[in-house]
Amino acid sequence: MRVLSVVGARPQFVKLAPIARAMRGRAEHLIAHTGQHYDHNMSGAFFSDLGIPEPDVNLGIGSGKHGEQTGAMLAGLEKIIEDTAPDWVLVYGDTNSTVAAALAAVKLHVRVAHLEAGLRSFNRRMPEEHNRVLTDHAADLLLAPTQVAMDHLATEGLAARGVLVGDVMTDVLFETRDKVAAAPLSLSVPVEDGEYYVATIHRPDNTDDPERLRAIVAGMAKVGKPVVLLAHPRLRHLAEKHGITLDQGSVELSEPVGYPDLVNAVQHSAGVLTDSGGLQKEAFLLRVPCTTIRPETEWVETVELGWNVLVNTDFAALPEIVERTPPPPTDAAPYGTGTAAQAAVDALLSA
Ligand code: UD1
C-alpha cells in the first residue's frame, strides 16, 4: 500500500509527525510539501524538531491570493499524484494545501482520506471553513477527531465515510510535553515561570481590518503580566502596512517558535491568548486557561469545560478576561489519550 501525505502549512507538519511514525513498517509513505509555508521557523524547523522525514517532493508554491495559491498547488499536485500513483492521498486539516490535494486526487480517481474531518465553525468568512467542507465532501474516508465532528459529518450525510480516531495533536503534544518537561524556557524575551502569557494572532479576520487589529493589540497591551506575542509573518506584514505598533504596553514581540519551545512556553505560562485552532486545544491539554479572539470555535469542548473564553468585540475587557481565575481541574479527555495516529493508520489501511 502506498500512501501520499500532502502538507504545506505549519499545523499540518505537527499532525504529520505522529502519522509518519505510525506508518513506519506498515505502508510505503511518501510526503509532498506544497511550499505554502517556507520560512525556516514556519516549516523546516518542524521537520527537524519532530523527526519527520524530509518531504519526497516540495512544490515551492509559496504565498499568494487564494485562487492563485490553490490553483498552483492543484496543477503541481496533479503531476505528483500521477507520477507516484498512490493508493491513497492523505490530507490534513483545513488549509489551502488540504483542499488542493483533495481535489487533485479525486479528479484522478485516487482515494482521499481526510485527517481532522468534520470540524465546523459555521463561519463562511473563514477560508478554513470552505476548505474543510469541500474536502470532507470530496474525500472517501473521514478520520474525525471528536464525537462532535462525527455528529457534523452525520448532519451532512457523510456518516458512512466517518471513523472516530481521536485527535493526533494529542499524541504529539503529550510526547513533546514529556520530552521538554525539564528543559529551560527558551523564549527570546526574559520572563519568569508562570508570570507571562503566550499570544498568537494570524487569522485574516483579525489581521486584515486595521481598526480591529489596533483594538486587539491595545487590549493585550493592558494585561497585567508580559504578553509574549509570537508574531506570524502575516501579522507582522499587516501591522507594518497599517502603521500599528505591536510591542506596546505589556506586549513583548517574538518571532514564531518551534513546536517543542511552544509547548514548553505554554506549559509554564499563566495563560494563552490566540486565534489559532491548535493552540486553543494545546492550552486545554496542558490545562492552561485560553482566551480566543474569535466569534466561535471548532473546539467547542474547550469552552464547555470552562478552559476557553471567546472574545469577539469587547477587546477593552481583555485584561480582565485573560487574568481570570482558572476553572477547577478536570480529567475530561474529549481529544483522546494520545493514540489517534495509530487508530488513523489502522482505519486507512483497512478501508
Ligand atoms: C495558513 C492557513 C491557516 C493556518 C495557518 C497556520 C489557509 C487558508 N490558511 O494561514 O488555516 O492556521 O496557515 O500558520 O491555508 N508568510 C511568510 N512566510 C511563511 C508563510 C507565510 O512570510 O513561511 C506570509 C506571507 O506574506 C503570506 C502570509 O504570511 O502571504 C499568509 O500565509 P498563507 O500561507 O497564505 O496563510 P496563513 O495566514 O499562514
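Position 1 is the first residue of the sequence, and the numbers go up from there. Ligands are counted one by one from 1 in listed order, and the atoms in each one are counted from 1 as well.
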(message) Looking at every non-hydrogen atom in both residues, tell me the closest pair between Leu246 and Val251 and how far apart they are.
(response) O-CG1, 3.1 Å

I need the atoms of ligand 1 closer than 4.0 Å to a non-hydrogen atom of [X], numbered in the order shown.
{"X": "Gln69", "result": "34 (O), 35 (O)"}
{"X": "Glu128", "result": "2 (C), 3 (C), 9 (N), 11 (O)"}
{"X": "Met42", "result": "23 (O)"}
{"X": "Pro233", "result": "16 (N), 17 (C), 18 (N), 22 (O), 24 (C)"}
{"X": "Asp94", "result": "11 (O)"}

(message) Nearest non-hydrogen contact with atom 37 (P) of ligand 1 belongs to which option: Glu129, Met126, His232?
(response)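 Ranked by closest heavy atom to atom 37 (P) of ligand 1, first place is His232.
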
(message) When you measure from the side chain of Thr245 to the backbone of Gln248, do you find a donor-acceptor pair of N or O atoms at a distance under 3.5 Å?
(response)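 Between the backbone of Gln248 and the side chain of Thr245 there is no qualifying donor-acceptor contact (under 3.5 Å).
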
(message) Check whether Asp171 reaches the backbone of Ala341 with its side chain - one donor and one acceptor, N or O, closer than 3.5 Å.
(response) yes

Quick test: of every protein heavy atom, which one is nearest to [atom], and how far off is it to 0.1 Å?
{"atom": "atom 30 (O) of ligand 1", "result": "Ser63 CB, 3.4 Å"}
{"atom": "atom 34 (O) of ligand 1", "result": "Gln36 NE2, 3.1 Å"}
{"atom": "atom 39 (O) of ligand 1", "result": "His37 NE2, 2.7 Å"}
{"atom": "atom 12 (O) of ligand 1", "result": "His202 NE2, 3.0 Å"}
{"atom": "atom 17 (C) of ligand 1", "result": "Tyr38 OH, 3.1 Å"}
{"atom": "atom 29 (O) of ligand 1", "result": "Arg234 N, 3.6 Å"}
{"atom": "atom 18 (N) of ligand 1", "result": "Asp39 OD2, 3.0 Å"}
{"atom": "atom 6 (C) of ligand 1", "result": "Pro11 CD, 3.5 Å"}

Under 3.5 Å, is there a donor-acceptor pair linking the side chains of [X] and [Y]?
{"X": "Glu116", "Y": "Tyr92", "value": "no"}
{"X": "Gln280", "Y": "Thr274", "value": "no"}
{"X": "Asn206", "Y": "Asp275", "value": "yes"}
{"X": "Arg324", "Y": "Thr291", "value": "yes"}
{"X": "His33", "Y": "Ser43", "value": "yes"}

(message) With nothing but distance in play, are any N or O atoms of His66 less than 3.5 Å from an N or O of ligand 1?
(response)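 N/O-N/O distance below 3.5 Å does not exist for this pair.
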
(message) What I want to know is whether His237 and ligand 1 share at least one N or O pair that is separated by under 3.5 angstrom.
(response) yes

(message) For Phe174, does the six-membered ring have the charged nitrogen or CZ of Arg177 within the cation-pi criterion, i.e. under 6.0 angstrom from the centroid and within 45° of the normal?
(response)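 Positive - Arg177 is close enough to the ring of Phe174 and near enough to its axis.
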
(message) For the residue pair Arg124 and Phe122, would you count it as a cation-pi contact if the rule is NZ or CZ under 6.0 angstrom from the ring centre and within 45 degrees of the ring axis?
(response) no

(message) I need the contact type for Arg10 against ligand 1. Using non-hydrogen atoms and a strict under-4.0 Å cut-off, is it side chain, backbone, both or neither?
(response) side chain

(request) Could you see which bit of Ser97 sits under 4.0 Å from ligand 1, with heavy atoms only: side chain, backbone, both or neither? (result)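 No part of Ser97 is near ligand 1 at this cut-off.
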
(message) Please evaluate residues His29 and Ser5 with respect to the criterion side chain to side chain contact (heavy atoms under 4.5 Å, CB included), reporting the C-alpha separation (whole Å), side-chain torsions for both, the decisive distance (0.1 Å), and the verdict.
(response) CA-CA 7 Å; His29 185 218; Ser5 276; 2.7 Å; yes

